[in-house]
Amino acid sequence: MQSYTIIISTIINSTEDLIGVQKVIEHLPSISEWSHDLDDCDKVLRIVSEINVSMVLVEQLGNLGITANVMEIFQEETSEINGFVIL
């Protein structure tokens, strides 16, 4: 199984923007985790997903008027044994 950690620089300035991000993410079922740091200068959005959704995410955020740029994508191979994920 593969896992992608996607780091995106955003221009998210308000709670309303963050709610918009949440709605976009809810429609991408491959995303298992996400976090956003409003205090960071790059306002980094961190996504963990089963597939690389970076371009879809950037496009959908753009449709909301949120500027987003992919900074980095990490790909990991994982294995699962008896329901436990082995990195």
Side-chain angles (χ1 to χ4, degrees):
M1 178 188 300
Q2 292 185 355
S3 173
Y4 294 86
T5 300
I6 304 163
I7 309 300
I8 299 175
S9 173
T10 66
I11 299 180
I12 296 174
N13 295 313
S14 67
T15 303
E16 292 81 20
D17 288 344
L18 208 49
I19 290 169
V21 170
Q22 182 177 0
K23 288 180 181 180
V24 167
I25 288 172
E26 287 173 353
H27 292 315
L28 297 170
S30 65
I31 295 176
S32 59
E33 297 175 41
W34 71 280
S35 63
H36 187 269
D37 186 352
L38 284 171
D39 296 326
D40 182 76
C41 65
D42 289 322
K43 302 197 185 315
V44 170
L45 175 61
R46 181 186 165 277
I47 302 287
V48 178
S49 181
E50 295 173 5
I51 61 173
N52 183 354
V53 295
S54 60
M55 298 315 292
V56 171
L57 197 54
V58 166
E59 180 181 342
Q60 290 186 7
L61 292 175
N63 291 342
L64 294 175
I66 298 171
T67 301
N69 296 300
V70 176
M71 296 173 67
E72 200 157 359
I73 300 171
F74 301 96
Q75 181 179 353
E76 294 182 15
E77 251 335 290
T78 60
S79 299
E80 192 171 311
I81 300 174
N82 295 330
F84 294 96
V85 174
I86 311 295
L87 300 177

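No experiment lies behind these values; they were computed from the predicted model shown.
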Determine, stepwise, if the pair His36 / Val21 fulfils side chain to side chain contact (heavy atoms under 4.5 Å, CB included). CA-CA 10 Å; His36 187 269; Val21 170; over 6 Å; no
What's the verdict on side-chain hydrogen bond (donor to acceptor under 3.5 Å, both in side chains) for Glu77 and Gln2, showing C-alpha distance, side-chain angles and the deciding distance? CA-CA 5 Å; Glu77 251 335 290; Gln2 292 185 355; 3.3 Å; yes
Between [atom1] of [X] and [atom2] of [Y], what distance do you get to the nearest 0.5 Å?
{"X": "Leu64", "Y": "Glu16", "atom1": "CG", "atom2": "CD", "value": "12.5 Å"}
{"X": "Glu33", "Y": "Thr5", "atom1": "CD", "atom2": "OG1", "value": "8.0 Å"}
{"X": "Thr10", "Y": "Met71", "atom1": "OG1", "atom2": "CE", "value": "10.0 Å"}
{"X": "Ile6", "Y": "Met55", "atom1": "CD1", "atom2": "CE", "value": "10.5 Å"}
{"X": "Ile31", "Y": "Ile51", "atom1": "CD1", "atom2": "CD1", "value": "8.5 Å"}
{"X": "Ile11", "Y": "Asn69", "atom1": "CD1", "atom2": "CG", "value": "8.0 Å"}

With clusters defined by side-chain heavy atoms of hydrophobic residues (ILVMFWY) lying less than 4.5 Å apart, directly or transitively, does [Y] cluster with [X]?
{"X": "Phe74", "Y": "Trp34", "answer": "no"}
{"X": "Tyr4", "Y": "Val44", "answer": "no"}
{"X": "Val53", "Y": "Val48", "answer": "no"}

Ile25 side chain near Ile47 side chain, heavy-atom distance below 4.5 Å: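 Yes - at least one pair of side-chain heavy atoms lies under 4.5 Å apart.
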For the pair Lys43 and Asn13, evaluate side chain to side chain contact (heavy atoms under 4.5 Å, CB included) and give the outcome as yes or no after the intermediate values. CA-CA 8 Å; Lys43 302 197 185 315; Asn13 295 313; 3.2 Å; yes
Donor-acceptor under 3.5 Å (Ser49 side chain, Asn52 main chain):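 No; zero donor-acceptor contacts below 3.5 Å.
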Just by distance, do the side chain of Ser30 and the backbone of Glu50 share a donor-acceptor pair under 3.5 Å?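 Checking the backbone N and O of Glu50 against the side chain of Ser30, no donor-acceptor pair under 3.5 Å is found.
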So Ile12 and Leu61, side chain to side chain contact (heavy atoms under 4.5 Å, CB included) or not? Walk me through it. CA-CA 10 Å; Ile12 296 174; Leu61 292 175; 5.8 Å; no
Atom of Val58, atom of Ala68 and distance for their closest heavy-atom approach: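 Looking at all heavy atoms of both residues, the shortest contact is CG1-O, 3.4 Å.
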For Leu57 and Leu45: C-alpha separation, side-chain torsions, deciding distance, then whether side chain to side chain contact (heavy atoms under 4.5 Å, CB included) applies. CA-CA 11 Å; Leu57 197 54; Leu45 175 61; 4.3 Å; yes
